[in-house]
Every structure is written in C-alpha cells, then in structure tokens.
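This report refers to the structure that appears directly beneath it.
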Amino acid sequence: MKERLSIASSAYSPIVAFYSKPTNNTSQILENSLSKVLSSYYPFAGRIKDNYKYVDCNDTAAEFLNVRISCPMSEILNHTYNDVTDVVFPQDLPWSSYSNGSLLVIQLSHFDCGGIAVSVCLSHKIADGYSLLKFLKDWAATTRHELDFKPSTQFDAHSFFPPMAMNDLPAVMPDIVRETQRRVSRMYHFSSSSLGRLKEIVAMNSQVQNPTRVEVATALLHKCEAAVSMANLGVFQPSLLCHLMNFRPPLPQNTIGNACYFFGSIAATEDEIQLPHFVAQLRKAKQYLQDKSKDPHQLASHLLERVKERANKSEKNKFDFYMCSSLCNLGVYKIDFGWGEPIRVTLARNPMKNNFIFLDSPNGNGINVLITLTEADMLIFESNKELLEFTSPVV
C-alpha cells in the first residue's frame, strides 16, 4: 500500500513526556499497545520511496528504544536550561535527518529514581505537530486498555496540499540554519494574570478587542528579542516573524499529515514592534490566510506563491528572522498511558535560533514557551526587564 506525501522535509519533530510513577513492565506494555495503534497509523510504520514522493506502507515498523539514564529525573527537570532534555531523545535524531529511514522513532528512558520519559520523533515528511499529538493521545488511550477505542484517522492531506518538488521551494531561512553559534533553549511561563494584563494593553490601544493569549505572548517575546538585536547592532533591525497555522478546521479534525502553513508579520520600524501594533499585524495576516483557506483545494498553490513572495522580500531587504508555533489547546498533558498525566512535556533544543514554541502549562494556568536563541543572545534576552515583568523561567 502507498500513501502520497503532503510535504517534503528531512526534519523529525521531537516531543517528550516525563512520568514519575509508572507501572511495572512499562516497556512491554508500551510496545504491545504501539503495535495496536500503528494499525490505524500504518504510514508511520512505512518507508519513504521514490525521492520522497510516497510512503511504502510495508509494515517495516517503527523503532522502539529502551535506554537507562544514570541520574534522577529531577536533575533533568530542575536544570536551568531545557537543553539537558536532549539526553532522552535518540542521539543526533531530533530535528534532523535519519539514515535508517524509520519515520517514527520512540525512546523509553528509565531514570535511577524510577521515573520515565517517553520521547517520540516523527518525520515531518509525513506529519505535523497536530498529527504527532493526536497519535500520542491515541497511543495512550490504546495503552489504557480501552477495548472499545478505535483511533479515527484520515490520510488525505495530500488532496488539499499536493506534494511540491523541492526545487519549487525557495530558501527562506538560510542564515539561521547555517549559522554556527551554539544554540541554547530555555522555558518560560506566562501566568493567566500576566496574559490578562497583556491582553488589556493590546485591547486598549488597538482595534483587536479579543487578542488570544498566544498572540500577546508572541508580541512580547518578539519585542524582547528585537531589544537583543538592537543591543548587538546599536540600531533597530527590521524583522519578519512567521507563525504556524493549523488548517483543522476547515479540514476534518482527524486529518493526519501536514495541514499547516506559516503566516507572517513584518516590523519595519521600532514603533511596529510595540504590542498593540504587532498583534494587529498578526491578526491581519492570520485572517487573510483564514479567508484563503475557505477553498482548501486552491490553498496549496496560493501558499507556494506566498512563500516565494516572502523569500523575495527577505532577499532584497535585511531582516531578523523569527519562527513561532503553538501546541496549545492540543492536549499535551492528556497523554495518560494509565499511570497519570505527565509532570512535564517539552521538546528537544531546536537547531534554529530565534525560535519560540508554545505549550500548555501542566496545571492549565497560563502557557509555557520554549525559546531557542544563540548562547550570547540568551544572556541578553533573559535579563530583559519587560520579559521578567510578565514571565518567569521554568525550572
């Protein structure tokens, strides 16, 4: 059986959930339930064929690794930087290519204290973050011995987003990928009260009367990072921020694949990085894309043109480039394999600088954001007074 691909990319999306008190025989339980859930997610157990054009669903199977970590789990969770979580992912795999060819690689890490971490790396060739989290929740539900549970999946994203040849795609982010400076990642928490204050600031000073929590948090982080750029250069540098948008709906919620696209906001002057103006620009760009998505079958060609348009603008003008995505409201803390919800969910350090990824916080009070910057930029960023007024580091 063959499944057409909806995107061509070499990256693996890495996510990990930490648990403090699992049951006995954890490895056997997870392996058994994994084999069951893969019957509904059969492309994940296949292999890429014909230069990324399709997945051969040959049931070669996903990889499942058992690893012993020689330290207590608290040593990982209480560390200042999120970088230390890289130890619970297969070596050299997160966010990169994998020579073995497996589309799904899972690592079960056992800590000296008895806690465990379940990390999953899923190829972005076949699925986006939404699909990854739906798979994890369905796997967890299968593990809880829900005999009547049958995952609902629909592998037809390619009918809305036809595969595009790699030479059709412009190089829009070469500088932040090739740069050799060491990256570090750190997680910050926005409390519900801080988000409420930010929303009030935006609503009182713009036409956006109902800003979302991710919109206001994105605007604040962008402003703080622009301050880092000004500290380094001595002058304001225009910026382009790209934010990922999920197209479910209008596509069905059970659509598995890559059904997402970036919309962008440009700040050409220092006034335009102020929160009310930047949120208004984000909302305008998002609404434009939502209007275009009303005809999903025409969306792919339109999106490619937008990518090329942004790439041409970036080539003609010098921009600081930022990327942002959100896994909020997707149930990252609902991944219960039968021994309770995870005490923390996070991702591996991103290889790209100036990257923000939002997640729900464990208690649902506010949101967390995983920030990846160069090591030098992080030292400036984490001392920003406005950042510390509205956020706090997660340790």
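Residues: numbered from 1 along the sequence shown. Note: hydrogens, waters and symmetry copies are ignored here, and every other heavy atom, side chains too, is used. Only a predicted model underlies this, so the values are computations on that prediction, with no experimental measurement involved.
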field: Test item: side-chain donor near acceptor, Glu386 and Asn384, under 3.5 Å
entry: no

- request: Indicate whether the side chain of His222 and that of Ser239 have a donor and an acceptor atom separated by less than 3.5 Å.
  value: yes

message: Less than 4.0 angstrom from a charged side-chain N to a carboxylate O is my criterion; do Asp291 and Lys286 meet it?
response: no

- request: Evaluate the criterion side-chain hydrogen bond (donor to acceptor under 3.5 Å, both in side chains) for residue pair Tyr130 and Gln253; output intermediate values, then yes/no.
  value: CA-CA 9 Å; Tyr130 177 95; Gln253 297 286 358; 3.0 Å; yes

query: Looking only at side chains, do Lys353 and Gln181 share a donor and an acceptor under 3.5 Å apart?
result: no

- prompt: Between Cys121 and Pro14, which heavy-atom pair has the shortest distance, and what is it?
  reply: SG-CB, 3.9 Å

message: Distance check, rounded to the nearest 0.5 Å: Ile357 atom CD1 versus Leu359 atom CG?
response: 7.5 Å

- request: Indicate whether the side chain of Asp271 and that of His277 have a donor and an acceptor atom separated by less than 3.5 Å.
  value: no

- prompt: Do you know the tightest heavy-atom contact between Ala348 and Thr85?
  reply: CA-OG1, 4.5 Å

message: So, applying side-chain hydrogen bond (donor to acceptor under 3.5 Å, both in side chains) with Asn365, which one of Ser192, Ser191, Ser193 is it?
response: Ser192

message: Under a plain distance cut-off of 3.5 Å, with no hydrogens placed, do Arg183 and Asn354 share a side-chain donor-acceptor pair?
response: no

task: Could you tell me whether Lys199 and Glu215 make a salt bridge, using a distance below 4.0 angstrom between a side-chain N and a carboxylate O?
output: no

Between Asn254 and Ser152: side-chain donor-acceptor atoms closer than 3.5 Å: yes

- request: Flag yes if Ile76 and Val67 sit in one hydrophobic cluster, no otherwise; membership is Ile, Leu, Val, Met, Phe, Trp, Tyr, and two members link when side-chain heavy atoms are under 4.5 Å apart.
  value: yes

- prompt: Atom CG in Leu221, atom OH in Tyr188: separation rounded to 0.5 Å?
  reply: 9.5 Å

Glu31 and Ser35: side chain donor to acceptor below 3.5 Å: no

- prompt: Would you say the side-chain atoms of Thr372 and Ser185 include a donor-acceptor pair closer than 3.5 Å?
  reply: no

field: Closest heavy-atom pair and its distance - Leu103, Tyr12
entry: O-CE2, 3.7 Å

task: Indicate whether the side chain of Asp360 and that of Asn368 have a donor and an acceptor atom separated by less than 3.5 Å.
output: no

query: Using a distance-only test with no angle check, is there a side-chain donor-acceptor pair under 3.5 angstrom linking Tyr333 and Asn363?
result: no

Inter-residue atom distance Leu77.CG - Met187.CE, 0.5 Å rounding: 10.0 Å

message: Once you measure the plane-to-plane angle for Tyr19 and Phe337, does it fall in the parallel (<30°), tilted (30-60°) or perpendicular (>60°) bin?
response: perpendicular

query: Any side-chain heavy atom of Leu373 within less than 4.5 Å of one from Glu225?
result: yes

- prompt: When you check the side-chain N and O atoms of Ser229 and Gln237, is any donor under 3.5 Å from an acceptor?
  reply: no

